[in-house]
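Below is one structure; the comments refer to it alone.
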2 protein chains.
Amino acid sequence: MSPDAVKNEDGKERNPFPNSFTDEFRYTIDHRGRVNFPAPFRRALSDESKDRVIVARGMDGCLLVFPKDVWEQRRRDFNKTPYSPQQQRRLQRLLSFGAKESAFDGQGRITLTPRLIELAKLKKEVLIVGMGDRVELWNPDIYEQYISESDQTVESILEEYLTRPGTDMGESADKAV
Amino acid sequence: MSPDAVKNEDGKERNPFPNSFTDEFRYTIDHRGRVNFPAPFRRALSDESKDRVIVARGMDGCLLVFPKDVWEQRRRDFNKTPYSPQQQRRLQRLLSFGAKESAFDGQGRITLTPRLIELAKLKKEVLIVGMGDRVELWNPDIYEQYISESDQTVESILEEYLTRPGTDMGESADKAV
DNA sequence: GCTCATTACCCACCATTACCCACATTATGG
DNA sequence: CCATAATGTGGGTAATGGTGGGTAATGAGC
C-alpha cells in the first residue's frame, strides 16, 4: 500500500509523503493562545485536510493534532473494534472529550482553548513533535522530563531497531515504478 | 555520468543499490551549519528520498542521517514491535527526539541545527561514514577515540568475520596457499 | 435592542532561511 | 600535458516563516 501520490493536475509538485510529520519545532504561544503550526507540516497535510485539524488530549500529558481525514478514519475504526456498541460509543466520546476542531489563520497558526492549554500545562513555549500521521504538542520541560525517564531497556531496544539493517518485518523491495 | 550509476531502459541514470552507503568522507562545517553530503551518497539515494533526509541523534555520540523513506519505514516498524503501546510511544518519541528533516541546497549540502551540532560536539570538521542504509556524522576526534577504544575482543571478532568463508574472497583465501 | 467579551481576519515587522552565483580544487578524458 | 567537467566551500540577497497587535465580525448576557 502506497497512497503516495500522484502529481496535481495543475502540475504543481505535491508532497510525496502526505500526512507524514517528522521532526521537532519550538514555538511560542502568544497571550491569545495562538500557536504556529510548522510550515513543513502544513505542506505535508493532505489536500483533504489542508486547512482543518483537530486538537485533542494526548497520552502522557501532551496534546494531539490530527489532520481531519486521519481523525475521521480513526473514528470510523472504532466501529470495527470487537467491543460492544456501548463501549464503542464510550471510546468515541473519550476520543472527542475536550477535542476542538481548528482552522489556520492567515499566518498558519491555530488557536488553543484555555482548557487545552491547561490540560497540557503549556506556558510560554511549546514543543511540536511530528509523530507520523499526527502531531504532538508538549510543554518542553515535561517532554524533557519524559524523555529522561526512559530506562536502559527502552534505549537498547531503540538501538537495536535503529542499527538493524533493512527491515525484515515489513515488505521491502517494491521500488519498481 | 558517474561510475556508480547504470542506465535504465529509458536512458535515465539509476543506482543499482538504492539507499546503500559505504565509504568515509571528511568535510568542513561552515559558520551557518552547512555540511556537504557526499556526492556518491546523493546519487545513492532512492528516488523517493532524493531530496529529503532526516538527521537524528545516534548512538555513541554521533548523528544519523536517514533517507526519508528509510526513516518512515523504521517508524512504521515500531508499531509492529511486540511491546506495549506505552513503550511503542516512547520508542517513537526517543527516535524523534532532536530529529530534524532537511533538504539539500543547490550545492548538495544540508544545514545542521545548533542543537545537533552541539549534541555531536562538532567543530570545524565532520567525518561522514556510510553505514548501509544510513549515514553517520562524527566529530573526527571522537571517532578516532572510539575506534581506538575497541578492545582485543572486538578486534578478534572482526578478524574472524573478515576471514570467514562465505565470500569468494574469504573462501579462496582459505584454500589457496 | 444594546453592551461587552471573545473570536476571526488582516496587516506589519524582522530574523532566519533558502536560493543563487562565484571560485578553488580535484578528478576525468583526449 | 592540457582541457573540461565535477565537486567542495564561501558569501550576498531575496523570500519565507514566526511573532505581535489592530480592528471588524460574532455571540452571549442583560
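Protein chains get the first letters and strands the later ones, always in sequence-line order, with residue 1 at the start of each.
Across residues 106-122 of chain A, Q107(A), R109(A) each have a non-hydrogen atom less than 4.0 Å from an atom of DNA chain C (numbered order).
In this structure, D30(B) atom CG and dC20(C) atom C1' are separated by 15 Å, rounded to whole Å. In this structure, E101(B) places its CD atom 14 Å from P of dG17(D), rounding to the nearest Å. For the pair F104(B) CZ and dT7(D) C1', the interatomic distance rounds to 15 Å; values are reported in whole Å. Distance, D23(A) CG to dT17(C) P: 13 Å, rounded to whole Å. Straight-line distance from the CZ atom of F25(B) to the C1' atom of dT26(C): 14 Å, rounded to whole Å. Rounding to whole angstrom units, CG of residue N36(A) and P of dT16(C) are separated by 16 Å.
You won't find any donor-acceptor pair under 3.5 Å spanning the side chain of R26(A) and the base of dG18(D), going by distance alone. Judged by atom type and distance alone, R34(A) reaches the base of dG21(D) through a side-chain donor-acceptor pair under 3.5 Å.
Judged by closest nucleotide on DNA chain D, K124(B) is the one of F37(A) and K124(B) placed further toward the 5' end.
Side chain of D69(B) to main chain of E72(B): no donor-acceptor pair is present (N/O by atom type, distance under 3.5 Å, no hydrogens or angles).
Residues V55(B) and I110(B) have side chains in contact (heavy-atom distance under 4.5 Å, counting atoms from C-beta outward). Contact annotation: the side chain of L45(B) approaches that of F104(B) to within less than 4.5 Å [non-hydrogen atoms, C-beta and beyond].
When only modelled atom types and interatomic distance are considered, E24(A) and S96(B) share no side-chain donor-acceptor pair under 3.5 Å. For the residue pair E125(A) and N139(A), no side-chain donor N or O sits within less than 3.5 Å of a side-chain acceptor on the partner. Counted by atom type alone, R76(A) and Q73(A) present one or more donor-acceptor pairs between their side chains at under 3.5 Å.
Other residues, nucleotides and ligands contribute over 12 non-hydrogen atoms within 6.0 Å of the CD atom of E149(B).
Residue contacts for D105(B): at a heavy-atom cut-off of 4.0 Å it reaches no nucleic acid atom on any strand shown.
Nearest to the side chain of R32(B), among dG8(D), dC10(C), dC19(C), sits dC19(C). Set against dG18(D), dG8(D), dG21(D), the side chain of Y27(A) has dG18(D) as its closest nucleotide.
Taking 4.0 angstrom as the limit, H31(B) places a side-chain polar atom (N or O) nearer than this to OP1 or OP2 of dG11(D).
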